[in-house]
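Counting from 1, the numbers follow the sequence of the chain as shown. Indexing begins at 1, ligand by ligand and atom by atom, following the structure's order.
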Amino acid sequence: MIKPNRLLVADDDPINRRILVRSLEKAGYEIVEASTGLEALEQALEHLPDLILLDIGMPGRNGFEVCEALKSQPETADRPVIFITSKSQAKDVERAFSVGASDYVTKPMHLQEVKARVSVHLGLRRAKEELRASHLQLLQAQKLESIGQLAAGVAHEINTPTQYVSDNTRFLEEAFGDLVELLDKITGLVHADEDGDTATLKASISSAMKVADLKYLLEEVPRSLEQSIDGLGRIAEIIRAMKEFSHPGTKEVAPVDIHRAIESTMTVASNEWKYVAAIETDFAPNLPQVPCALGDLNQVVLNLIVNAAHAIGERISTGDFEKGLITITTREVGEWVEICVSDTGGGIPEEIRDRVFDPFFTTKEVGKGTGQGLAMAHSTIVDAHGGSINLQSVLGEGSTFTIRLPFSQGYVGEAA
Ligand SMILES: Nc1ncnc2c1ncn2[C@@H]1O[C@H](COP(=O)(O)OP(=O)(O)OP(=O)(O)O)[C@@H](O)[C@H]1O
Ligand SMILES: [Mg+2]
C-alpha cells in the first residue's frame, strides 16, 4: 500500500484549522496539527511532514519566522511551505516568498484551490527528488565511463612496452641458444686430448661463431636488456600511478603531495593527451602538503587535462598546428596553493564563459562529453574544499583554469 503524504497544518484559529484538516483528511492525507509557531517547528522536526500549511499571524513566532527556521535546518529545508493567511498585501506576499515559501493562498480560502495547490507542490517535490536521484546516478555513470575510458588508455600504455619487452626476451632467448652451442664447442676444444683433432673443433667453433654473429650480439644484447629494463620501469610507473589515482579511501581529507598527484594523473591520462600535446610542468619548490581528498582532486585535474587536450585536438583537426602544449604550474600564494592548467586550444567564447561550470553544459558531441566535468570540479574545489576555480581565456590563443586550495582546512578567508 502506498503511504499517504503527511501534511502539517499550523493555524492558531481552531475553526479554520478544523475545516482545513477535515477536508485534507477526506482527500486521503495524514495530518499533523499545530496552533502556535513553536509547536509548528516542533511537530515539523518530529513528524517530517511532506508539506507544511502555515498561517502567518500566530502567537509567539509568526509564520515568516517559522518558515525561515524550517528552511535553515537541513531536516526540513526541502519541505514545501504554503502560506494560508488573511494578510493579502503585496509586501506580505513578497516576504513570504523571500523566506522560502513555495506558494501563498489568501483567506477566505477555497478548499478546492488549497487541495489543488497542495497536490501540485507535492508532485513538484517528488519530481525534484527523482531528478536528484537520477543526477546522482548519472554522476556515478559518468565516473564509471571515465574510468572505463582511462582503463582502455592505460591498457594501451602498458601494451606497448609489454610488446617490446616480450620481443626482446624472445631475441635474448635465441641469442642465448646460439651462445650455448658455441660454449659447448669451446668446452669440447678445452677438454680435447693433446693429440685430438683440434683443427676440426676449431673450424666448428668458428662456424658456430658465425652463426651466433658475436659482434652483433655484443652490441644488441646490452641494448635489448637496457630497453627491457626501461619498458618494465615504465609498466611499473603506470601501475603505481593507477594505484595512486584510484586508491580507495581517498575521499577523506588528508595531507596530499600535490605534485605527485598531478604527475600520477598525467601518467594515467597520457593516452588522452600525448597524441595532441606535450605537457610541461613548472612546480613550486618545497610546496607543503595540502589537506584534500586525493581521489576527488585527481578527478578535477584529470578533467582539466582532458578538456585541454580536447580543445587542442579540435584546433589540430582544423589544421592550425600539429601539436599543442599543456602547461601545469603550481605556486604558493599566501595561505593558498595555486594550480594552473593552461592549454593552447582555441579558447572559450565570451558568451559561454559563465556557463561552463553549469551541470550538463557541453559543446561536445554525444559520447565525447556530458558537461559534468567542470560542474564536478566546481563542487569539489569550492563546496568541499573551500577553494576557488577560475577561468581565463583568449580566443584563438588558449585557456587557463586556476584552482586555489587553502593550505589549512580551518582557513576561512576568501579565495581570489
Ligand atoms: N580548456 C578548454 N578549452 C576550451 N573549451 C573548454 C575548455 N574546458 C572546458 N571547455 C568548454 O566547457 C564545456 C564544459 O566542460 P566540462 O568539462 O564541464 O564538460 P565536457 O568536457 O563537455 O564533458 P565531460 O567533462 O562531462 O566529459 C566544454 O564542453 C567546452 O565547451
Ligand atoms: Mg570535461
| query | Looking at ligand 1, does F401 have a heavy atom less than 4.0 Å from it? | reply | yes
| message | Would G345 count as a contact residue for ligand 1, given that I'm defining contact as a non-hydrogen atom of the residue lying under 4.0 Å from a ligand atom? | response | no
Can you tell which part of [X] has a heavy atom less than 4.0 Å from ligand 1: side chain, backbone, both or neither?
X	value
N303	side chain
I348	side chain
L304	neither

| OD1 (N307) to the Mg ion (ligand 2) to OD1 (N303): angle, nearest 10 degrees? | 100°
Identify the protein heavy atom lying closest to [atom], giving its residue, its atom name and the separation to 0.1 Å.
atom	result
atom 1 (N) of ligand 1	D343 OD2, 2.9 Å
atom 14 (C) of ligand 1	F361 O, 3.2 Å
atom 30 (C) of ligand 1	T363 OG1, 3.4 Å
atom 21 (O) of ligand 1	K364 NZ, 2.7 Å
atom 18 (O) of ligand 1	L374 N, 2.8 Å
atom 12 (O) of ligand 1	V356 CG1, 3.3 Å
atom 3 (N) of ligand 1	A311 CB, 3.3 Å
atom 9 (C) of ligand 1	N307 ND2, 3.5 Å

Going by atom types alone, do [X] and [Y] pair a side-chain donor with an acceptor below 3.5 Å?
X	Y	answer
N168	Q227	yes
Q163	T160	no
H385	T380	no
T106	S88	no
T267	E263	no

| task | May I ask you to list the atoms of ligand 1 that are less than 4.0 angstrom from any heavy atom of S399? | result | 3 (N)
| task | Below 4.0 angstrom from a heavy atom of T362, which ligand 1 atoms are there? Numbered from 1 as shown, please. | result | 20 (P), 22 (O), 29 (O)
| remark: Of all heavy-atom pairs linking I312 and L325, the shortest is CD1-O, 3.7 Å
| For the residue pair Y104 and F97, does the interplanar ring angle fall in the parallel (under 30°), tilted (30 to 60°) or perpendicular (over 60°) class? | tilted
Mark yes or no for whether [X], through its side chain, and [Y], through its backbone, hold a donor-acceptor pair below 3.5 Å.
X	Y	result
D12	S35	no
R315	G396	yes
W273	H310	no
T400	S342	no

| remark: To atom 23 (O) of ligand 1, the nearest of G371, G373, G346 on a heavy-atom basis is G371
